Peer 1: 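Take a look at the following structure, please.
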Protein chains: 2
Amino acid sequence: MTSTEPGLPEGTRPTRQRRAVVAALGRQDEFRSAQEIHEVLREEGDRVGLATVYRTLQALAAGEDVDVLRGEDGETRYRLCSGSHHHHLVCRDCGRAVEVEGPAVERWADAVAREHGFDEVSHTVELVGRCGDCRPG
Amino acid sequence: MTSTEPGLPEGTRPTRQRRAVVAALGRQDEFRSAQEIHEVLREEGDRVGLATVYRTLQALAAGEDVDVLRGEDGETRYRLCSGSHHHHLVCRDCGRAVEVEGPAVERWADAVAREHGFDEVSHTVELVGRCGDCRPG
DNA sequence: GTTTCTGCAAAACCTTTGCAGCTAG
DNA sequence: CTAGCTGCAAAGGTTTTGCAGAAAC
């Protein structure tokens, strides 16, 4: 029985570094890459190795504690997720993201999959647009 | 007025290399990475530099002539798309992909975006599952 | 003749890994 | 004490870039 601290990756030891990464991630509103989290920690004077940030984020992702998004620039970004399944609407200019629920999409995904003989379907939906604040004019 | 050959990236010169890349891509049924396309060409004795493959694929993507998929392994994969907007249902085991239309999703995306004051919204939907052929048992 | 493209090799990137030393249990 | 974690630096992999020569216009 692994007694892991809540928030930390499952089955790992609660170290200062892991706590720091999880805490920093929790303070972010948007998706952040390993490098960004590392930078945040560095600015706060919290010394954590980049490799450790990568390892912790990876562990969190494996435990499904975070949402993962692969950006166009090749960086993988993470964000703590609030449990229930949802999707994101991201502003392409300022990066602001809104969580949106989409029961309609869930149903559609299941239906389409079954229709083609597919099973165990998961889906990823990303909406990218421009938010009111970033609209020119 | 740039008179570009159909299939080739818009506004570019029709070179042997670009034609080769587009042709090779056209012969694929599934998503392929730049490296894979480069390999395909090499096997056929078609000498095209890897950098050129990358550049051509990038140009095609910019012109929306291909679908782009960022894999979990960090490779970016491309596939010629058949014009109208659609999404993909991909088998996580064999990689087989089916194009699916989703008018329902388009409408949902627009509605959600507007609801949050977003504009000029584009969306990405990926369905990943297991196809009939790969189902165990 | 000029502009654009290609190929190569080097560089830039993000990410992973090996390993010695440190830390939690 | 022992197993697991960290940090560093090196290695790994993909993608981009600089530049001289070649090709298209």
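Just so you know, these numbers use all the heavy atoms, side chains as well, and skip hydrogens, waters and symmetry mates. Note that the structure is a prediction, hence the values are computed from the model and not measured.
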Peer 1: From the set D/dT14, C/dT15, D/dT6, return the single nucleotide nearest to any side-chain atom of B/Glu75.
Peer 2: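 For the B/Glu75 side chain, the nearest candidate turns out to be D/dT14.
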Peer 1: Can you tell me if the side-chain N/O atoms of A/Thr76 get under 4.0 Å from OP1 or OP2 in C/dC14?
Peer 2: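 No, outside the criterion.
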Peer 1: Remember a base hit wins even if backbone is also touched, and classify B/Arg55 as base, sugar-phosphate or nothing at under 4.0 Å, heavy atoms.
Peer 2: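 The answer is base, as B/Arg55 lies within the cut-off (heavy atoms under 4.0 Å) of a base atom.
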Peer 1: Looking at A/Thr12, I'd like to know whether one of its side-chain N or O atoms comes within less than 4.0 Å of OP1 or OP2 on D/dG4.
Peer 2: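 It does not, given that no N or O in the side chain of A/Thr12 lies less than 4.0 Å from OP1 or OP2 of D/dG4.
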Peer 1: Touch check for B/Ser33, heavy atoms < 4.0 angstrom, all strands: base, sugar-phosphate only, or nothing?
Peer 2: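 Nothing, no heavy atom under 4.0 Å.
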Peer 1: Using heavy atoms to find the nearest nucleotide of DNA chain D for B/Arg19 and B/Asp73 separately, return the residue whose nucleotide is more 5′.
Peer 2: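 So the residue in question is B/Asp73.
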Peer 1: OP1 or OP2 of D/dT15 versus the side-chain N and O atoms of B/Gln58: is any pair under 4.0 Å?
Peer 2: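 False: B/Gln58 side-chain N/O out of range (4.0 Å or more) of D/dT15 OP1/OP2.
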Peer 1: When the distance from CZ of B/Arg16 to C1' of C/dT4 is rounded to whole Å, what number comes out?
Peer 2: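 My rounded result for the distance is 16 Å.
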Peer 1: Is any NZ, NE, NH1 or NH2 atom of the basic residue among B/Arg16 and B/Asp46 found under 4.0 Å from an Asp or Glu carboxylate oxygen of the other?
Peer 2: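 Salt bridge flag = yes for B/Asp46 with B/Arg16.
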Peer 1: Going by number, which of residues 45-54 of chain B have a non-hydrogen atom under 4.0 Å from DNA chain D?
Peer 2: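 Here the set is B/Ala51, B/Tyr54.
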Peer 1: What's B/Gln35 touching, base or sugar-phosphate or nothing? Going by heavy atoms closer than 4.0 Å.
Peer 2: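 Touches a base.
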Peer 1: Check this one for me: any side-chain N or O of A/Arg18 less than 4.0 Å away from OP1 or OP2 of D/dC5?
Peer 2: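 Answer yes for this pair, as a side-chain N or O of A/Arg18 is under 4.0 Å from OP1 or OP2.
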